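Everything below concerns the one structure shown next.
Because the structure is predicted, anything quoted here is derived from the model rather than measured. All ligand and atom numbering here is 1-based and tracks the order in the structure.
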Amino acid sequence: MIEKLINRLNKDLNDRKEKNLYREVKLYSGYRCNLSSNDYFQLRYHPKVISKAKEACEIYGTGSGASPLLSGFLPCHKDLLDEILKWKQKPSGMLFNSGYAANQSILKYLPGKNDLILADRLVHNSIAQALKKCPAKFKRYGHLDLDDLEKLLQTHQEQYESIFVITESVFSMDGDYPNLNSLVALKKKFPFVLVLDEAHGTGVFGPTGGGLAEEMGVLPEIDILVGTLGKSLGSMGAYVLANNQSIIEYLTNEAGEYIYSTFMSPAQAAAALQAVKLIKKYDTKRKKLRELSKYLRKAVNPSSEKYLSPIVPVLIGDSLKTIKIRDVLLEKGILVGAVRPPTVPANTSRLRVSLNSEINKSVVDELLNILEDGKKC
Ligand SMILES: Cc1ncc(COP(=O)(O)O)c(C=O)c1O
């Protein structure tokens, strides 16, 4: 019986190999510089963050021991949630085990069958997959194209009970971002529930690292704010914050990803809390990160210079060539991500460079030199 299954799986896997789209987990070693992580301030190595994680293990043990509604929600989780609520200026919120689970929960349980979701065409897989599972209808608008979004809002505003608009702040594969002021202005014209995923904006933007919404002064207008602990905060997990307590209560009662999963470990919560405290004061590091981004973008894609995020895509197009250049960089000691379809659209395979505040311009120069050689592959 199992042969048929294995044959089908192998056929699919071979097909991926032929198209250079096969994915595998690798233990990368021998590099000097990791430009493939989302830890934009390298806080996962910070002595204070490590020490708080150790301390939490000693106080609470290595695991939370249960799902949050049983006994998994511990004082270290409450401390973290309180700190994040203050930081992001929201009255209510909850923690999730991952950003993936948070996005799944928001879209699977909040929109109803009489609602419409409008999502940017390039939203992260955690959102895209949830769109297919929710009872509401959904439509995609052009990437960052708020005119397209406006047309959709205009056409559909009378037909649905509620309209949700969901976008990332900093897009995970392109490093670009929408004008949140224009998005909020649109919300005043055609009311909708605004969901913003600040996975990659948190820490990097805003006077206290509160994210792109803080930077653009629109935090109060974001109805549902998602952020992760696994990127700039050097830990793992996520949070969902809302202007309205009912949203959080409803998810607490309905979201299987929250209710039926062992809660994040005390060490993860304590590490993230310490990281938030540090990152708030990282203004100089934020400035440096922007300068590095500007410098690299100018060299690889000057038209993207207005975006100052640390995610810088180097478009290659062909999947095999993308892997070959990644390997050349790795041989010379620099690790970058090689991202291929279906993570990104067809023929847009790319190297995904994730900068961090602890490197210097000389590393970017080195990267550019190797890229120049690598492109001859
Ligand atoms: C925009 C965005 N949202 C959500 C997630 C998922 O977050 P997590 O890694 O915590 O599951 C990611 C992770 O890559 C992301 O890039």
Give a yes or no on whether a salt bridge exists between Lys332 and Glu366, defined as a side-chain N under 4.0 angstrom from a carboxylate O. no
For this session: Inspect the contact between Lys285 and Glu358 and indicate whether a charged nitrogen and a carboxylate oxygen are less than 4.0 angstrom apart.
Result: yes
Could you check if a side-chain atom of [X] sits within less than 4.5 angstrom of a side-chain atom of [Y], using non-hydrogen atoms only?
X	Y	answer
Lys108	Glu254	no
Tyr141	Lys139	no
Tyr239	Leu80	no

Could you go through ligand 1 and note, for every N or O atom, any protein N or O atom closer than 3.5 angstrom, writing the atom names and distance to 0.1 Å, or 'none'?
residue  : atom   : partner : partner atom : Å
ligand 1 : 3 (N)  : Asp197  : OD2          : 2.6
ligand 1 : 10 (O) : Gly99   : N            : 2.7
ligand 1 : 11 (O) : Gly99   : N            : 3.2
ligand 1 : 11 (O) : Tyr100  : N            : 3.0
ligand 1 : 14 (O) : His124  : NE2          : 3.3
ligand 1 : 14 (O) : Lys231  : NZ           : 2.9
ligand 1 : 16 (O) : His200  : NE2          : 2.7

Practice prompt. Just grab all the side-chain hydrogen bond (donor to acceptor under 3.5 Å, both in side chains) pairs involving residues 48-63, residues at least two apart or on different chains.
Written response: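 Every candidate side-chain hydrogen bond (donor to acceptor under 3.5 Å, both in side chains) pair involving residues 48-63 fails, so no pair, neighbours aside, qualifies.
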